[in-house]
4 protein chains.
Amino acid sequence: MLPAGRPKFKRRKAERPEEIVAAAMEVFAEKGFAAARLDDIAARAGVSKGALYLYFETKEDLFRAVIEQGLAPNLGRMQAALVEHRGAFPELLRAFAAIAVGIATDTPVGGIAKMVIGESRNFPELARAWRERMVEPALGAMSGAIAAAQARGELRAGDPRHAAISLVSPMLLGVIWRETFVPVGAEPLDIPTLAQQHVELWLRGMRPDAGAAA
Amino acid sequence: MLPAGRPKFKRRKAERPEEIVAAAMEVFAEKGFAAARLDDIAARAGVSKGALYLYFETKEDLFRAVIEQGLAPNLGRMQAALVEHRGAFPELLRAFAAIAVGIATDTPVGGIAKMVIGESRNFPELARAWRERMVEPALGAMSGAIAAAQARGELRAGDPRHAAISLVSPMLLGVIWRETFVPVGAEPLDIPTLAQQHVELWLRGMRPDAGAAA
Amino acid sequence: MLPAGRPKFKRRKAERPEEIVAAAMEVFAEKGFAAARLDDIAARAGVSKGALYLYFETKEDLFRAVIEQGLAPNLGRMQAALVEHRGAFPELLRAFAAIAVGIATDTPVGGIAKMVIGESRNFPELARAWRERMVEPALGAMSGAIAAAQARGELRAGDPRHAAISLVSPMLLGVIWRETFVPVGAEPLDIPTLAQQHVELWLRGMRPDAGAAA
Amino acid sequence: MLPAGRPKFKRRKAERPEEIVAAAMEVFAEKGFAAARLDDIAARAGVSKGALYLYFETKEDLFRAVIEQGLAPNLGRMQAALVEHRGAFPELLRAFAAIAVGIATDTPVGGIAKMVIGESRNFPELARAWRERMVEPALGAMSGAIAAAQARGELRAGDPRHAAISLVSPMLLGVIWRETFVPVGAEPLDIPTLAQQHVELWLRGMRPDAGAAA
DNA sequence: TATGAATGAGTTTTCATTCAT
DNA sequence: CATGAATGAAAACTCATTCAT
């Protein structure tokens, strides 16, 4: 798999920035921007403090890189899921939920979300970027899909954006729970099950044939 | 000599702590713990930096007081709503939702939540306290009410805790949205409408007479 | 004993300054000038912090008053002992030693000495005052008495100032020991016995009829 | 651009701690612990304030290091003198006195003693350490040597510890005099002469063949 | 490139001193 | 006279950033 010629030892240079960003990600997520110390980041990345400055101009730059890096990869996965939706809405939704659970489980979105939330006033561009490039696209795609399904008569009428929020919010709560309360002794949430139950609940609640609630 | 009034300082032993905590609440919510400067808090409270130390031993103490103070008042309101539940579950739920919307709208829970989330690793006791005294009671009461309604046949079967999370999570998203994205240019969410629509969706989704989903 | 008309309660005003100086004496001796807090002194004196400023302009002033006060009373006692010396030198010396032991035992000279030593560079006037009004008079009188006794043939020849120092230094060591090491667990020195043994040793060592030493 | 030389800072990991301790020794001895400013110490050591914290955690730590450092070197010299005592007691004593005078003259014991005395209540561990590792060993060794000489009939009977105190106390007075009164205008004591005269006086006073004093 | 000792501006904290009551 | 809340200047301490090596 690895292109030949790549020496196992001394695999420096190219990887350095990523290693640093990865270490920074951990420390920033744990402490927040201001309380994170470059000393700690450097130590966790296994480099000297001075080395950080070979790759990033300032602490803020490094922070931006961390947030930025958390942004890119997931976008594609999510977009894809919604774009290539063929078939009935419920199937689409279940497929999407599976992907979202995967992201929540495998990636540090939780930590990133925590940071974006916590530092939104100190780094407004980052909050803005996250909303424009992550939140709105996702919410928009979801709303669009919902609106389309409503138009096809698959879902009952109602504001699609609110419906989308109803749909995704437990995922947010899930990752926040993991970041906030689990490290402090709380029982972890069973995110896959939670997501699945919620999706079914949501689908029933949005079924068009149903009469008025209550 | 002094041209009347404008004393160099006022003495207001009784009111001061609250004023300081209120100012600190704003600044901490805006900047986070580490980035908040006591200078700013003092200025916003209209006192000297030294005065802070007449009422709080350290910056951390002040922070704790802020979080603590955000804890107390809401507890009662929420508990009350669920305890004095008479009548069918839907009514209880709508009443509860109204109260929750009120809290989300009138109080700085949003800012507090942001801080609890962001500083949970730096102040684990606070995260713990919030979970034990705010989150778990609320989630527990809600789960209990749901379980009771399920037992009475008013709601369909399923894990009541997950159902409770499905129910409350949009409120969390709502306050976080307000704290995180609105200051950065996002359209505010219409929390009352969102909450109401979600409650109705949830109730339909939990209706026992419905057939299997999808 | 008390002149009639002195009410037992409300015996304020006149005594205040002394009470404050006494409290300050304790705190300064314990902590040193810089580390002593006016809060503590006020508390120990049983007055408010502001009240200190009714009697002393600054912390330094209060300190000066403390040192000054430790100066005055003992001077007289010592001087007197040496001036009214009638009879042979040994008797004079024993009488003087008894008085010195009394001062060392009954008064806070130890604490004062500690402070004068420790703050001599920060308050040179005080060190100077102590030398000029306490140390030099005492040493001078002693040297004078020794010189006179030497002239009379009662003591062997030699620099009388050095002899005086040889004579009094164990007293200094005694009070310093009490201030420094006893609070930290050391066995107290038996100052009276030490003084008496030392005086006898000194007298033997200064006896004129003795042959060359060793 | 830089006109050769004059680098903004030097790197001297190895030497720095000693330089700092030396500078701190001076400033602490001059001002006392509380009144000494780290700014001054840093300036005198030729480093920035921050550099102090590369080597010492707190101001207290630095102070401890200063006291500790004053402790170590002298111990050996003193012990050695007493241990290798061969020959009659007077010779031993004169040799010891010479060493003690050397220490008093060449080293900053005076300043250290001043600090130990002045800060004994604020740093009890230091006072304790000094007593246990400096004062008691010295006094103990001296008492032991005296007791041995008494047993051999070289010295007259009497409490050897008191005799030891009688013997060494002028040295204490000498260093304190230098630290306290000389900087304030007093004539320096001629410590070597004082010590020598005192030793002879003491030897005569302890001679066994003498009759009762007076 | 990489290091890490050194810097210095910035922040928390202390406390003598003031002053409205 | 007396109080003690409030001030503000000063001092300890932190840490992002620089730079000689």
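Keep in mind it's a predicted model, so treat the numbers as computed, not measured. Lettering follows sequence order; numbering is per chain, from 1.
- If you measure from atom CD of C:E19 to atom P of F:dA2, you get 10 Å, rounded to the nearest angstrom.
- For the salt bridge (Lys or Arg N to Asp or Glu O under 4.0 Å) test, no residue two or more places apart in sequence or in another chain qualifies with B:K31.
- Using modelled atom types, no side-chain atom of A:Q69 and backbone atom of A:V21 make a donor-acceptor pair closer than 3.5 Å.
- Summarising the geometry, atom CD1 belonging to A:I112 is positioned 10.0 Å from atom CD belonging to A:E68; distances are rounded to the nearest 0.5 Å.
- Take the nearest nucleotide of DNA chain E for A:L54 and for C:G50: the residue whose nucleotide is more 5' is A:L54.
- For the OP1/OP2 pair of E:dT14 and a distance below 4.0 Å, the side-chain nitrogens and oxygens of B:Y53 include no atom meeting the criterion.
- B:K49 contributes no side-chain N or O that, together with a main-chain N or O of B:I41, makes up a donor-acceptor pair within less than 3.5 Å.
- Within residues 35-45 of chain C, no residue has any heavy atom closer than 4.0 Å to DNA chain F.
- Counting only Watson-Crick and G-U wobble pairs whose two distances sit under 3.5 Å, DNA chain F takes part in these stems of three or more pairs: E:2-21 with F:2-21.
- Of all the residues in residues 56-66 of chain A, A:T58, A:K59 reach under 4.0 Å from DNA chain F with at least one non-hydrogen atom.
- Between C:A51 and D:A51, the residue anchored closer to the 5' end of DNA chain F is C:A51, taking for each the nucleotide with the nearest heavy atom.
- Side chains of A:W130 and A:I67 form a contact here, defined as non-hydrogen atoms less than 4.5 Å apart.
- In terms of phosphate contacts, C:Y55 brings a side-chain nitrogen or oxygen within less than 4.0 Å of OP1 or OP2 of F:dA2.
- Nearer to the 5' terminus of DNA chain E, by closest-nucleotide assignment, is the contact made by B:K49 (compared with the other of B:K49 and C:A34).
- Of the possible donor and acceptor atoms, none in the side chain of D:K114 sits under 3.5 Å from a partner among the backbone N and O of D:G32.
- Side chain of B:E179 to main chain of A:I117: no donor-acceptor pair is present (N/O by atom type, distance under 3.5 Å, no hydrogens or angles).
- Scanning for side-chain contact (heavy atoms from CB on, under 4.5 Å) contacts around A:R64 gives A:E60, A:D61, A:F123, A:E125, A:L126, with sequence neighbours left out.
- Residue A:R16 has a polar side-chain atom (N or O) positioned under 4.0 Å from OP1 or OP2 of E:dA2.
- Contacts of B:E18 classified as salt bridge (Lys or Arg N to Asp or Glu O under 4.0 Å), with partners at least two apart in sequence or in another chain: none.
- Looking at heavy atoms from C-beta onward, D:N122 lies out of side-chain contact with D:F33 at the 4.5 angstrom threshold.
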